[in-house]
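To keep things clear, I will list the structure first and then write my remarks on it.
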Amino acid sequence: MKRKSTYPALVIHGGAWDIPDDAVDAHYRGIQKALKVGWAILKKGGSSVDAVEESIIILENDSTFDAGRGSFLNSLGEIELDASIMNGKTFRAGAVAAVKNIQNPISLSRLIMEKSEHILLTGLGANRFAKEHKVPFCKMEDLLLDRELQRWLKLQKEPDYSTKDAFRMKQRKLPSGTVGAVAMDKAGVICAGTSTGGTPNKYPGRVGDSPLIGCGTYADSSVGGVSTTGWGEAMIKVVMAKTVIDIMEQNGGDPEDAAKKGITILDKKAAGFGGVIVLNKKGHIGIAYNTPRMARAYITSAMKNPVIEVE
Ligand code: ASP
């Protein structure tokens, strides 16, 4: 049976990992607020790019998540952020990697998408572009949480700590909290975005999947949009976001099937863990993850109330 179109539509995530019981409420409230802000934009006819940016800003400013304020520290005790955004109609994209002192890297990514001929700017180049476009800088202390300082101090006493082991040996216990959003507006334009502080104690300059178009983020309004979260090195190996889009192009546009198959590929080919949110060109949603929990929320024009889940 052919399903009716249900856009505008919005789906967001706040990371896939073993979210502790005592952090579930904060995750729930965070994604609830972000969904509300993004949905208000879409409902009144606003663009999917605005909805994605504004939803992600809420999550970057919420220290519950590993994005913007509250991000993990790298092995030098610094905060380096990655983000990306893609417009599925114009096929333009913008991204930043390993950028410091920027509270909302998703907004800087959008500026790069709209005002630069390039797609991805890293480190000092991204800061230079931010300065030229009058994006405010923040101090590292503005992004730093005592929770993360304590985590970092603890990890300095574990010289053998590795992300790979945290994922594989410790029952998928690598903390996460990357955020992402995919929206389709009334005009049928799909936009996807992702923002993260990366993985705890990462090597300085390490870039994960989140700012890489095709790995952490992808949007093509003629097929759908995807944002991912999880172990970035594995996501990059299977070009996760674009892989899910390609599956959807071949399975008749079924986002649930594409999300599930994407996670199976991640698992089988790269022994990876994580989650994906998917939106197809009709505004239907698919979500899949192979971690103990994933924070996710969505709403479409066919729904009275949103679905918000952290389980
Ligand atoms: N994918 C992110 C990274 O590897 C982390 C995450 O989603 O938890 O940087």
Side-chain angles (χ1 to χ4, degrees), residues 12-20 23 27 30-31 56 59-60 62 64-68 70-75 78-85 95-100 105-106 109 120 122-123 148 151 161-168 170 172-182 192-218 226-244 259 262-263 266-267 270-277 287-296 310:
I12 66 173
H13 71 79
W17 59 293
D18 193 8
I19 300 168
H27 279 74
I31 53 175
I56 291 182
L59 298 166
E60 288 176 336
D62 183 334
T64 307
F65 303 96
D66 169 35
S71 288
F72 299 138
L73 277 59
N74 69 13
S75 60
E78 303 164 332
I79 295 180
E80 292 185 325
L81 304 175
D82 295 345
S84 62
I85 190 164
V96 290
V99 70
K100 292 182 192 162
I106 193 67
S109 300
L120 172 62
T122 66
E148 295 314 322
R151 190 195 310 277
Y161 175 84
S162 87
T163 311
K164 191 163 142 189
D165 292 347
F167 259 121
R168 290 195 184 155
K170 298 185 180 161
R172 311 174 184 196
K173 287 231 181 281
L174 182 83
S176 168
T178 293
V179 305
V182 187
T194 309
S195 181
T196 188
T199 49
N201 214 40
K202 62 188 181 182
Y203 196 87
R206 177 264 189 190
V207 175
D209 57 318
S210 311
L212 303 182
I213 297 303
C215 296
T217 297
Y218 202 78
V226 175
S227 169
T228 76
T229 175
W231 181 18
E233 279 70 12
M235 294 282 180
I236 292 170
K237 287 177 190 168
V238 298
V239 198
M240 189 66 177
K242 182 63 162 61
T243 293
V244 171
I263 293 293
L266 177 73
D267 185 20
F273 296 115
V276 283
I277 55 171
I287 298 171
Y289 54 101
N290 63 351
T291 46
R293 283 177 168 154
M294 180 174 186
R296 72 267 184 201
V310 187

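What's counted below: heavy atoms across the whole structure, side chains too, no hydrogens, waters or symmetry copies. Along the sequence shown, residues are numbered consecutively beginning with 1. Note that ligands are numbered from 1 as they come in the structure, with each ligand's atoms numbered from 1 the same way.
Backbone and side-chain nitrogen or oxygen atoms of G232 are examined, and one is located within less than 3.5 angstrom of a nitrogen or oxygen of ligand 1. Considering both main-chain and side-chain atoms, D209 comes within under 3.5 Å of ligand 1 through a nitrogen or oxygen pair. Between T199 and ligand 1, a contact under 3.5 Å exists for no N or O pair.
Near S176, the atoms of ligand 1 lying under 4.0 angstrom from a non-hydrogen atom of the residue are 6 (C), 7 (O), 8 (O). Listed by number with element, the atoms of ligand 1 under 4.0 angstrom from any heavy atom of T178 are 2 (C), 5 (C), 6 (C), 7 (O), 8 (O). Below 4.0 Å from some heavy atom of G198 lie the following atoms of ligand 1, by number and element: 9 (O). Every atom of ligand 1 with a heavy atom of T229 under 4.0 Å away is listed here by number and element: 6 (C), 7 (O), 8 (O).
Within the 4.0 Å heavy-atom cutoff, R206 counts among the residues contacting ligand 1. In this structure, G230 counts as a contact residue of ligand 1, since one of its heavy atoms falls inside 4.0 Å of the ligand.
Residues T194 and T217 have side chains that bring a donor and an acceptor to within less than 3.5 angstrom of each other. With no hydrogens or angles considered, no side-chain donor-acceptor pair links D66 and S176 at under 3.5 Å.
Between the side chain of R293 and the backbone N or O of W17 there is no donor-acceptor pair closer than 3.5 Å.
Shown here are the side-chain contact (heavy atoms from CB on, under 4.5 Å) partners of A234, two or more places apart in sequence or in another chain: W231, L266, A270.
Ring-centre distance between Y289 and H13: not below the 6.0 Å cut-off.
Here the side chains of S84 and I213 are in contact, with some heavy-atom distance below 4.5 Å.
Shown here for V96 and V99, the closest heavy-atom pair between the two residues is CG2-CG1, 3.9 Å.
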